[in-house]
Amino acid sequence: MADNQIKKPRGTTDYFGKEEEVLAGLEEVLMDESRLYGCQRVNPPVFEESRLFHRSVGESSDIVRKETFDLQRKGDKDYTLRPEFTAGVNRLVLENKLYASPDLPLRYAYMGKVFRYERPQSGRLREFYQFGVEFLDRKVDLDCALDALLLSVNAVKKALGKPVKVLVNYLGSFQSRENYKKALAEYFRPHLSEMCDDCKNRFETNPLRILDCKVEKDREIAKGAPRIEDYLSDDDKAEYGAIISLLESLRIPYVKDDGLVRGLDYYTGLVWEIYDLENPDFPALGGGGKYASLMSDIGGPDFEGIGFSLGVERLILDMPHERVEAIRKIAKVDVFLIDLERKGKGCAIAERLRDLGMSVSMPSFGKGMGGCFKMADRIQAENVLILFEDGHLEIKDMKTREQKIIDEEGLVALFGR
Ligand code: HAM
């Protein structure tokens, strides 16, 4: 390949062949699981006004501070490729007044591409698929929260065919979170000069995010920080307790981690991440949480939400080989038509079969008979139909290997059932 050959951008994926089949199969498994929880699919645009992400995902999040793909301005507005779905789904609910529905909670599922300008490495891409779910209601009650959590766990288990582990934390109501942030700021202030630049910024915008820092020295300092548990209200503690009891009663492996603050600013209450139980060093397969004021932050009514998103490429990367094969959605070819007559009649026969709902594919003219049959095997065609030079037809059942002469009416009788 020439040096100046145009290649796909770093951190993106070309889906074709087996990878595309696995993606299609996985999408079906995940969407089917979401339907068990009453979800309907939504599909917001791939780009939105930039201010949507600034107001929701948050100015202090790494995503908004350094990872968005901002489009070059063309008119009077700034647009950004979506770095996640939650903001877009909330905007969709607001703009279409779906919050006024009498049928609450709204239960929405989605799957599509998201874009983050991250340093590409295994499991970390710049363009990747997320599958996810958002439940929205005037007040997200305990059942709704538990449903969202259980759906996330079951979706990953179904996808991988493996057990998972959940990391959970509880950030509390808006007020308890604000009190906790103040306490953190008090604690970190005297240490600030020794801390990394990111933490200095986080101190100004959202001190909670300091707990997320990966720098060893900062982690040491964070060990002595006040604990969120001491700032939770009685209601918060009761809800967190009920969530933990459910995880225990369903024997879902979990770890309480009060350093789990997640990289997005909108969370209040429950937050969680999902990991492969047998492969704990593998990066997070998904994460989510509750958000009490995202909708009002973008100009909507008081409406709460809870949801999660899964990294689809990570699921595929972590999927055992047998599961990959089982999940693949191979488009089957009912009839592989070899047109030796080459006068266009082959195409007309193919159309007649397609009208009967059969999938029909054909090799290019001039391919030898042996080559055609090898191709039919490779694409797993069920039948091979040969239109000979003299205009007669023969059909071969590729399972029984039986070949017989047939006419068009015979074909209609065979496939028209
Ligand atoms: P998130 O934790 O930023 O949450 O992303 C969810 C999942 O997307 C991650 O757990 C991971 O599996 C995958 N992911 C994230 N970044 C990358 C990347 N660069 N390459 C490949 N996969 C990646 C959210 O996006 C929230 N919107 C989740 C949510 C929904 N919270 C409430 N509702």
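Read the numbers this way: they start at 1 and go in the same order the structure lists the ligands and their atoms. Computed from a prediction, not measured in an experiment: that's the story for all the values here.
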**Q** Using a strict 4.0 Å threshold on nitrogen-to-oxygen distance, state whether Lys181 and Glu186 make a salt bridge.
**A** no
**Q** Tell me, which protein residue and heavy-atom name are nearest atom 28 (C) of ligand 1, and how many Å apart are they?
**A** Ser309 OG, 3.2 Å
**Q** Do Ser61 and Asp265 meet the criterion of a side-chain donor-acceptor pair at a distance under 3.5 Å?
**A** no
**Q** Give a yes-or-no answer on whether the side chains of Ser296 and Ser293 include a donor-acceptor pair shorter than 3.5 Å.
**A** no
**Q** Under a 4.0 angstrom heavy-atom cut-off, which atoms of ligand 1 come close to Gly311?
**A** 7 (C), 8 (O), 12 (O), 13 (C)
**Q** Select one of side chain, backbone, both or neither to describe which atoms of Glu118 lie under 4.0 Å from any atom of ligand 1, heavy atoms only.
**A** side chain
**Q** May I ask you to identify the nearest protein heavy atom to atom 4 (O) of ligand 1, giving residue, atom name and distance to one decimal place in Å?
**A** Arg262 NH2, 3.0 Å
**Q** Closest non-hydrogen protein atom to atom 17 (C) of ligand 1, residue and atom name please, with distance?
**A** Phe128 CZ, 3.3 Å
**Q** Which residue supplies the protein heavy atom nearest to atom 11 (C) of ligand 1, what is that atom called, and how far is it?
**A** Arg314 NH1, 3.3 Å
**Q** Is the closest side-chain donor-acceptor distance between Thr86 and Tyr266 under 3.5 Å?
**A** yes
**Q** Starting from atom 32 (C) of ligand 1, which protein heavy atom do you reach first, and at what distance in Å?
**A** Gly307 O, 3.2 Å
**Q** Under 4.0 Å from a heavy atom of Arg124: give me the atoms of ligand 1 that qualify, with their elements.
**A** 18 (C), 19 (N), 20 (N)
**Q** Side chain, backbone, both or neither: which part of Val114 comes within less than 4.0 Å of ligand 1 when only heavy atoms are counted?
**A** neither
**Q** In this structure, which one of Tyr170, Tyr231, Tyr187 forms a ring pair (Phe, Tyr, Trp, His ring centres under 6.0 Å) with Tyr180?
**A** Tyr231
**Q** Starting from atom 10 (O) of ligand 1, locate the nearest protein heavy atom and write down its residue, its atom name and how far away it is, to 0.1 Å.
**A** Gly286 CA, 3.2 Å
**Q** Any heavy atom of Arg126 sitting closer than 4.0 Å to ligand 1?
**A** no
**Q** Does Asp258 pair with Arg227 as a salt bridge, N-O distance under 4.0 Å?
**A** yes
**Q** Are the charged groups of Asp339 and Arg342 less than 4.0 angstrom apart, N to O?
**A** no
**Q** At under 4.0 Å between heavy atoms, is it the side chain or the backbone of Glu273 that contacts ligand 1, or both, or neither?
**A** neither
**Q** May I ask you to check whether Ser56 and Tyr291 show a side-chain donor-acceptor distance below 3.5 Å?
**A** no
**Q** Can you list the ligand 1 atoms lying under 4.0 Å from a non-hydrogen atom of Leu285?
**A** 10 (O), 12 (O)
**Q** So for atom CZ, which belongs to Arg138, do other residues, nucleotides or ligands contribute more than 12 heavy atoms lying within a distance under 6.0 Å?
**A** no
**Q** N/O of Val133 under 3.5 Å from N/O of ligand 1, yes or no?
**A** no
**Q** Between the side chains of Asp276 and Lys162, is the shortest nitrogen-to-carboxylate-oxygen separation below 4.0 Å, so that they form an ion pair?
**A** yes
**Q** Which protein non-hydrogen atom lies closest to atom 21 (C) of ligand 1, naming both residue and atom, and how far is it?
**A** Gly123 O, 3.4 Å
**Q** Can you confirm, on distance only, whether ligand 1 has an N/O atom lying under 3.5 Å from any N/O atom belonging to Ala284?
**A** yes
**Q** With atoms numbered from 1 as shown, which atoms in ligand 1 lie under 4.0 angstrom from a non-hydrogen atom of Gly287?
**A** 10 (O), 28 (C), 29 (C)
**Q** Taking 4.0 angstrom as the limit, do Arg202 and Asp62 come out as a salt bridge?
**A** yes
**Q** Looking at Arg41 and Glu27, is any side-chain nitrogen of the basic one under 4.0 Å from a carboxylate oxygen of the acidic one?
**A** yes
**Q** Between Lys223 and Asp218, does any side-chain N to carboxylate O distance fall below 4.0 Å?
**A** no
**Q** Looking only at distances, can you tell me whether any N or O atom of Tyr110, backbone or side chain, sits closer than 3.5 Å to an N or O atom of ligand 1?
**A** no
**Q** Any non-hydrogen atom of Gly263 lying under 4.0 Å from ligand 1?
**A** no
**Q** Checking contacts here: is it the side chain or the backbone of Phe85 that comes within 4.0 Å of ligand 1, counting heavy atoms only? Could be both or neither.
**A** neither
**Q** If you measure every N or O of Leu125 against every N or O of ligand 1, does any of those distances drop under 3.5 Å?
**A** yes
**Q** Provide, to 0.1 Å, the distance between atom 27 (N) of ligand 1 and the closest protein heavy atom, together with that atom's residue and name.
**A** Glu84 OE1, 2.6 Å
**Q** Are Ser233 and Asp235 linked by a side-chain donor-acceptor pair shorter than 3.5 Å?
**A** no
**Q** Should one rank Tyr266, Phe282, Tyr291 by closest heavy-atom distance to atom 26 (C) of ligand 1, which comes out on top?
**A** Tyr266
**Q** Under 4.0 Å from a heavy atom of Glu134: give me the atoms of ligand 1 that qualify, with their elements.
**A** 30 (C), 32 (C), 33 (N)
